[in-house]
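Because the structure is a prediction, the values reported are computed rather than measured.
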Amino acid sequence: LAAEELPRLRAALPEAEVAAARPGAAFVIMTHDHALDFLIAEAALARGDAGYVGMIGSSSKRAALTSALATKGMSADRLICPIGAAGPQDKRPEVIAAAVAAEIAAALL
């Protein structure tokens, strides 16, 4: 599918969508807002049964989320951030997308 054909979820309460997902679901977090990213990541990690939780970002963004979760007694151990980092060190969106798809497949299969 072309990018414009992929389903996109638009929800007023994304954490409710996370809670409603089936066990083993994969969550790829790529919003325009760090606070929203953190809210969704926290909800996905709190489930304890997610097959994959990945977030676009940097090592400093991961550190900030790790610290925020620690204050709530939670761990970011299962969080992949930045997504696609285990793949080729290439900044092209299509290469990053392929690396993320490989991460998700490895986690779910």
| request: State which residues pass salt bridge (charged side-chain N to carboxylate O under 4.0 Å, His left out) with Asp77; sequence neighbours excluded, sorted by chain then number. | output: none

Sidechain-backbone polar pair: [X] side chain, [Y] backbone, donor-acceptor under 3.5 Å:
X     : Y     : answer
Thr71 : Ala68 : yes
Asp90 : Val95 : no
Arg78 : Asp49 : no
Thr66 : Arg62 : yes

What's the shortest heavy-atom distance between [X] and [Y], and which atoms?
X     : Y      : value
Ala44 : Ala50  : O-CB, 4.0 Å
Gly51 : Ala107 : O-CB, 3.5 Å
Ala99 : Gly87  : CB-CA, 4.1 Å

| query | In this structure, are over 12 heavy atoms from other groups packed under 6.0 Å from Ile56 atom CD1? | reply | no

| query | Only one of Val28, Leu108, Ile83 forms a side chain to side chain contact (heavy atoms under 4.5 Å, CB included) with Glu103, so which one is it? | reply | Ile83

| task | Output the distance between atom CD (Glu42) and atom CZ (Arg47), rounded to the nearest 0.5 Å. | result | 14.0 Å

| Under a single-linkage rule joining Ile, Leu, Val, Met, Phe, Trp and Tyr whose side-chain heavy atoms are separated by less than 4.5 Å, which residues share a cluster with Phe27? | Val18, Ile29, Leu36, Phe38, Leu39, Ile40, Leu45, Val53, Met55, Leu65, Leu69, Met74, Leu79

